[in-house]
Amino acid sequence: MNINTHALEISQSTVVYPDGESTVTALDKADLSAKPGELTAIIGESGSGKSTLLSVAAGLVTPTSGRVEVAGIDLTGADDKTRSKVRRENIGVIFQQANLLASLTVREQLLIMDHIRGVRMRPQRADELLEQVGLANLGSRRMAQLSGGQRQRVNIARALMAEPALLLADEPTSALDSSLSQEIMALIAKLTREMNTATVMVTHDRRLLDYVDQAVEVRDGRVANADARVSH
């Protein structure tokens, strides 16, 4: 990806779903861009369309109209094989629930991502990431031995294993208390800058806007700029 290219460009994207004999417009000519090294927050009420917007960014939902590019690759009209390849190679996802495998160690949670991508496993890469998320000495532990905050750190490291151009986070702090939420957000913001990835996060918590570079608000499927208080 060219360093001047947005990691994500969503342009005039509309998503319309059938609803019986009528239709529902989940997104209405939405625009969203995300640059490498910057953290973007998507905020909005339940049912506003913010999850649809994140799904469009992930290549999981194809807009009825409009254009979507990830890492300079046009997903508009792309087939399933191309979309899957872009997701494997260019997109990392931090899930709301960590969805970690109880049978695997912390290090193995990361290495399995190389296996899924069909590339040679990189234990050094895994160990470097664990150090960056503050789990340097916990690689051999299993999930039952970790706290909730530690599991979310594994979730973050796993999402970064493929060195993605675009990092998507779906309510990454919703299962954490206020103190841990701030801690995890500070970590995500730090890694976004250090790894020069573009991070797009859905959140209900406006207190977390202290950590972001830009914020957009989704209302009734429409996207508008929102206040963001940048703390770095």
Side-chain angles (χ1 to χ4, degrees), residues 1-17 25-42 49-96 99 110-122 125 129 155-170 172 188-189 191-202 212-216 218 221-223 225:
M1 184 179 71
N2 187 297
I3 59 172
N4 296 317
T5 302
H6 286 82
L8 172 68
E9 280 277 11
I10 297 175
S11 304
Q12 292 292 287
S13 289
T14 296
V15 175
V16 178
Y17 293 118
T25 301
L27 278 184
D28 188 3
K29 297 181 179 178
D31 293 321
L32 179 67
S33 62
K35 297 178 181 178
E38 293 190 358
L39 173 55
T40 299
I42 302 172
K50 62 184 185 302
S51 293
T52 301
L53 184 59
L54 197 70
S55 295
V56 167
L60 296 171
V61 170
T62 302
T64 309
S65 62
R67 184 180 180 89
V68 182
E69 289 188 7
V70 173
I73 302 168
D74 187 4
L75 295 185
T76 308
D79 58 24
D80 290 342
K81 183 177 180 180
T82 299
R83 288 173 175 273
S84 294
K85 185 173 187 291
V86 169
R87 285 196 293 271
R88 285 196 308 271
E89 297 182 359
N90 295 285
I91 300 174
V93 180
I94 302 172
F95 296 99
Q96 184 173 353
N99 297 325
L110 275 61
L111 292 175
I112 198 172
M113 300 307 292
D114 282 344
H115 175 71
I116 290 170
R117 291 175 60 232
V119 301
R120 185 175 181 178
M121 290 192 183
R122 299 168 295 160
R125 168 72 177 168
L129 280 170
N155 190 9
I156 293 167
R158 180 181 60 181
L160 291 167
M161 189 65 184
E163 303 172 68
L166 178 64
L167 183 63
L168 302 177
D170 182 14
I188 292 173
L191 292 173
T192 295
R193 297 193 297 276
E194 290 180 352
M195 298 190 174
N196 200 38
T197 189
T199 300
V200 178
M201 170 188 72
V202 165
V212 312
D213 297 285
Q214 69 165 336
V216 299
V218 184
R222 294 179 177 271
V223 177
N225 290 331

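Because the structure is a prediction, the values reported are computed rather than measured. Counting begins at 1 with the first residue of the sequence. FYI, side chains are in, hydrogens and waters are out, and symmetry mates aren't considered; it's all heavy atoms of this structure.
- Rounded to the nearest 0.5 angstrom, E9 CD and T76 OG1 are separated by 11.0 Å.
- Expressed to the nearest 0.5 Å, how far CZ of F95 lies from CG of L168 amounts to 9.5 Å.
- Each of R125, R88, R158 was compared with M113 under the side chain to side chain contact (heavy atoms under 4.5 Å, CB included) criterion, and only R158 meets it.
- Nearest heavy-atom pair across A41 and V212 is CB-CG1, 3.9 Å.
- Here R117 contributes atom CZ and K85 contributes atom NZ; the two are 10.0 Å apart, rounded to the nearest 0.5 Å.
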For this session: Mind running side chain to side chain contact (heavy atoms under 4.5 Å, CB included) on L111 and M161 for me, showing each step along the way?
Result: CA-CA 8 Å; L111 292 175; M161 189 65 184; 4.1 Å; yes
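- Between atom OG1 of residue T40 and atom CG of residue L166 there is a gap of 9.5 Å, rounded to the nearest 0.5 Å.
- The side-chain hydrogen bond (donor to acceptor under 3.5 Å, both in side chains) with D31 is formed by just one residue from the set R67, R222, Q12; it is Q12.
- For the pair R83 and V61, the tightest heavy-atom approach, listed with the atom from each and the gap, is NH1-O, 4.3 Å.
- The two atoms that bring A165 and A7 nearest to each other are O-CB, 3.5 Å, heavy atoms only.
- At distances below 3.5 Å, not a single donor-acceptor pair connects side-chain atoms of T199 with backbone N or O atoms of T192.
- Listed by chain and residue number, I94, Q152, A169, I188, M201 satisfy the side-chain contact (heavy atoms from CB on, under 4.5 Å) test with P172 (two or more places apart in sequence, or in another chain).
- When all heavy atoms of V93 and A159 are compared, the pair lying nearest together is O-CB, 3.3 Å.
- The two residues I91 and V70 come nearest to each other via the heavy atoms CG1-CG1, 4.0 Å.
- When atom types are taken as modelled, the side chain of R87 and the backbone of G59 share a donor-acceptor pair closer than 3.5 angstrom.
- Between the side chain of Q214 and the backbone N or O of S33, at least one donor-acceptor pair lies under 3.5 Å.
- With D114 contributing its side chain and R122 its backbone, the two residues share a donor-acceptor pair below 3.5 Å.
- Between the NZ atom of K35 and the OG1 atom of T197 there is a distance of 15.0 Å, given to the nearest 0.5 Å.
- Formation of a donor-acceptor pair under 3.5 Å by the T14 side chain with backbone atoms of D28 is not found in this model.
- Within a 6.0 Å sphere centred on CG of D80, heavy atoms belonging to other residues, nucleotides or ligands number 12 at most.
- Shown here for L27 and G49, the closest heavy-atom pair between the two residues is CD2-O, 3.7 Å.
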Please table the atom pairs, donor to acceptor, closer than 3.5 Å between any side-chain atom in residues 51-58 and protein atoms at least two apart or in another chain.
{"unit_1": "S55", "atom_1": "OG", "unit_2": "S51", "atom_2": "O", "d": "3.1"}

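- Residue N90 holds its CG atom at 4.5 Å from CD1 of I73, rounded to the nearest 0.5 Å.
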Exercise. Side chain to side chain contact (heavy atoms under 4.5 Å, CB included) between L129 and M195: does it pass, once the steps are laid out?
Worked result: CA-CA 11 Å; L129 280 170; M195 298 190 174; 3.3 Å; yes
